[in-house]
Amino acid sequence: MRLPDDTPQKLTDRRQLVQNRRRARAEGMFLQELAADEVKDRLTEVNRTFTKPAIVTGFPQVWSEIFPDALIVPDDEILSLEPGVHDLVIHGLSLHWANDPVGQIIQSRRALINDGMFMGVMFGGQTLSELRAVMSEVEVARTGGLSPRVLPMGEIRDLGALLQRAGLALPVADSAVRQVTYADAFALMRDLRLMGERNALDQRQITPQSRALFRDVCDRYAEHFPTEDGRITASFEMIFLTGWAPDESQQKPLRPGSASARLADALGTDETKLSN
């Protein structure tokens, strides 16, 4: 008798992901550069000087240029980070491909000193929503079913909860959606190849689809998501996750019942007691 396999199903084929990234080109790095610039801007708003930063990324050439003093490590399933060494760990726009995103954040937290900062940026659920909708519509119409083609991405509420599950304090999650226009869906798919963001799902369909299917995708995309000048729109949502390694110096919520003043006094109103 065969026992049930408790091993979680893999999301990502790491070998295919590495191959996709090798095919990436400099002209496709604009979203990686945008993410790195945004992280740098956000760090200027933190009242802290970081002297031992580390960056986890699949595109070291982009992030090392913007953070030349940081230790750069690949986003392998086991991160090459020493415990308790860094005052800042950045997970740079690759967490959406992780088979175990909580594990990635836990490893990042363990690499932090007390009160060290974690900042992650990843693609969120609104990313490529237009392409996802059109491809589903076309494939169902032509084949009667769906195959995994576009990476499923988390919503901000769920992704923010990852910080707490990883043991980080003062968790914050926010997002920004960028709209990019293309001549057509074929141009968008070419750009995804240049970004290194083509399909690397472990359960993807290996057999190539007919060009007719993609022509249908191109036509319906132009029909459903046109711009005023005859192009198409593609959405890319970047979710930023921030948390801190726990430390006694950090602010903590007050214990229930420990308030020294009544809310009614602060509001200048009379307090009304509720009947039992």
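Closest of all the heavy-atom pairs between Ala98 and Leu11 is O-CD2, 4.1 Å. Counting all heavy atoms, side chain and backbone alike, Met117 lies closest to Met119 at CE-CE, 3.5 Å. Residues Ala173 and Gly160 share a closest heavy-atom pair of CB-CA, 3.8 Å. Closest heavy-atom contact between Pro226 and Ala222: CB-O, 3.4 Å. Across Gln32 and Thr57, no two heavy atoms sit closer than the pair OE1-OG1, 4.4 Å. Gln164 and Pro171 make their closest contact through CG-CG, 3.7 Å (heavy atoms, listed as atom of the first residue, atom of the second, distance).
Within the structure, the salt bridge (charged side-chain N to carboxylate O under 4.0 Å, His left out) test picks out no pair touching residues 56-72 (sequence neighbours left out). Contacts classified as salt bridge (charged side-chain N to carboxylate O under 4.0 Å, His left out) and involving residues 159-176 (residues at least two apart or in different chains) are given here: Arg42-Asp174.
A distance of 13.5 Å separates CZ in Arg15 from CG in Asn20, rounded to the nearest 0.5 Å. For the atom pair Asp216 CG and Met135 CE, the distance stands at 11.0 Å (nearest 0.5 Å). Annotation: the span from His91 atom NE2 to Gln107 atom CD amounts to 8.0 Å, rounded to 0.5 Å. Atom OG of Ser64 is separated from atom CG of Leu71 by 11.5 Å, given to the nearest 0.5 angstrom.
The side-chain heavy atoms of Met189 and Phe214, taken from C-beta on, include a pair separated by under 4.5 Å. Considering only heavy atoms from C-beta on, Leu95 stays 4.5 Å or farther from Leu159 through its side chain. Tyr221 has its side chain out of reach of Asp219: every pair of non-hydrogen atoms, C-beta onward, lies at least 4.5 Å apart. Residues Phe225 and Val134 have side chains in contact (heavy-atom distance under 4.5 Å, counting atoms from C-beta outward). Put simply, the side chain of Glu197 reaches to within 4.5 Å of the side chain of Trp97, judged on heavy atoms. Two residues are said to be in side-chain contact when any heavy atoms from C-beta on lie closer than 4.5 Å; Val39 and Leu43 meet this criterion. A 4.5 Å side-chain heavy-atom check between Met195 and Leu192 finds at least one atom pair inside the cut-off. Considering only heavy atoms from C-beta on, Val138 comes within 4.5 Å of Leu213 through its side chain.
In this view, Asn114 satisfies the side-chain hydrogen bond (donor to acceptor under 3.5 Å, both in side chains) rule with no residue, not counting sequence neighbours. Shown here are the side-chain hydrogen bond (donor to acceptor under 3.5 Å, both in side chains) partners of Arg110, two or more places apart in sequence or in another chain: there are none. Judged as a side-chain contact (heavy atoms from CB on, under 4.5 Å), and not counting sequence neighbours, the contacts of Asp37 are Ile66. When the salt bridge (Lys or Arg N to Asp or Glu O under 4.0 Å) test is applied to Asp100, no partner is found at least two apart in sequence or on another chain. Annotation: ring pair (Phe, Tyr, Trp, His ring centres under 6.0 Å) contacts of Phe118 (sequence neighbours excluded): none. With sequence neighbours excluded, the residues satisfying side-chain hydrogen bond (donor to acceptor under 3.5 Å, both in side chains) with Arg48 are Asp115. The salt bridge (Lys or Arg N to Asp or Glu O under 4.0 Å) test applied to Asp191 returns no partner, not counting sequence neighbours. Annotation: side-chain hydrogen bond (donor to acceptor under 3.5 Å, both in side chains) contacts of Arg109 (sequence neighbours excluded): none.
Glu137 places no side-chain N or O within donor-acceptor distance of the main-chain N or O of Val217, the cut-off being under 3.5 Å. Judged by distance alone, the side chain of Ser136 and the main-chain N or O of Arg132 form a donor-acceptor pair under 3.5 Å. Side-chain atoms of Arg25 come within 3.5 Å of backbone N or O of Arg23 as a donor-acceptor pair.
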Residues Glu155, Asp158; criterion side-chain contact (heavy atoms from CB on, under 4.5 Å); working and verdict
CA-CA 6 Å; Glu155 300 299 329; Asp158 300 324; 4.1 Å; yes
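In the hydrophobic cluster analysis, where Ile, Leu, Val, Met, Phe, Trp and Tyr join through side-chain heavy atoms closer than 4.5 angstrom, Ile72 is grouped together with Val121. Placement of Trp63 and Leu194 in two distinct hydrophobic clusters is found when ILVMFWY residues are connected by side-chain heavy-atom separations under 4.5 Å, directly or transitively. Residues Val180 and Met29 share a hydrophobic cluster, clusters being chains of Ile/Leu/Val/Met/Phe/Trp/Tyr side chains in contact below 4.5 Å. Neither Ile106 nor Val172 shares a network with the other; the hydrophobic side chains, linked directly or stepwise wherever heavy atoms of I, L, V, M, F, W or Y lie under 4.5 Å apart, form separate groups for each. Residues Ile55 and Val46 share a hydrophobic cluster, clusters being chains of Ile/Leu/Val/Met/Phe/Trp/Tyr side chains in contact below 4.5 Å.
A side-chain N or O of Asn99 and one of Glu77 form a donor-acceptor pair less than 3.5 Å apart.
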Please set out all donor-acceptor pairs under 3.5 angstrom arising from side-chain atoms of residues 79-90, sequence neighbours excluded.
| unit_1 | atom_1 | unit_2 | atom_2 | d |
| --- | --- | --- | --- | --- |
| His86 | ND1 | Lys52 | O | 3.0 |
| Asp87 | OD1 | Lys52 | N | 2.9 |
| Asp87 | OD2 | Thr51 | N | 2.7 |
| Asp87 | OD2 | Thr51 | OG1 | 3.3 |
| Asp87 | OD2 | Lys52 | N | 3.4 |

Show me the donor-acceptor pairs, under 3.5 Å and distance only, between side chains in residues 228-244 and residues at least two apart or in other chains.
| unit_1 | atom_1 | unit_2 | atom_2 | d |
| --- | --- | --- | --- | --- |
| Asp229 | OD1 | Thr227 | OG1 | 2.4 |
| Arg231 | NE | Thr181 | OG1 | 3.2 |
| Arg231 | NH2 | Thr181 | O | 3.0 |
| Ser235 | OG | Glu130 | OE2 | 2.5 |
| Ser235 | OG | Gln179 | OE1 | 3.1 |
| Ser235 | OG | Gln179 | NE2 | 3.3 |
| Glu237 | OE1 | Gly125 | N | 3.1 |
| Glu237 | OE1 | Gln126 | N | 2.9 |
| Glu237 | OE2 | Ser175 | OG | 3.3 |

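The cationic atom of Arg211 (NZ for Lys, CZ for Arg) lies less than 6.0 Å from the six-membered ring centre of Phe186 and within 45° of the ring axis.
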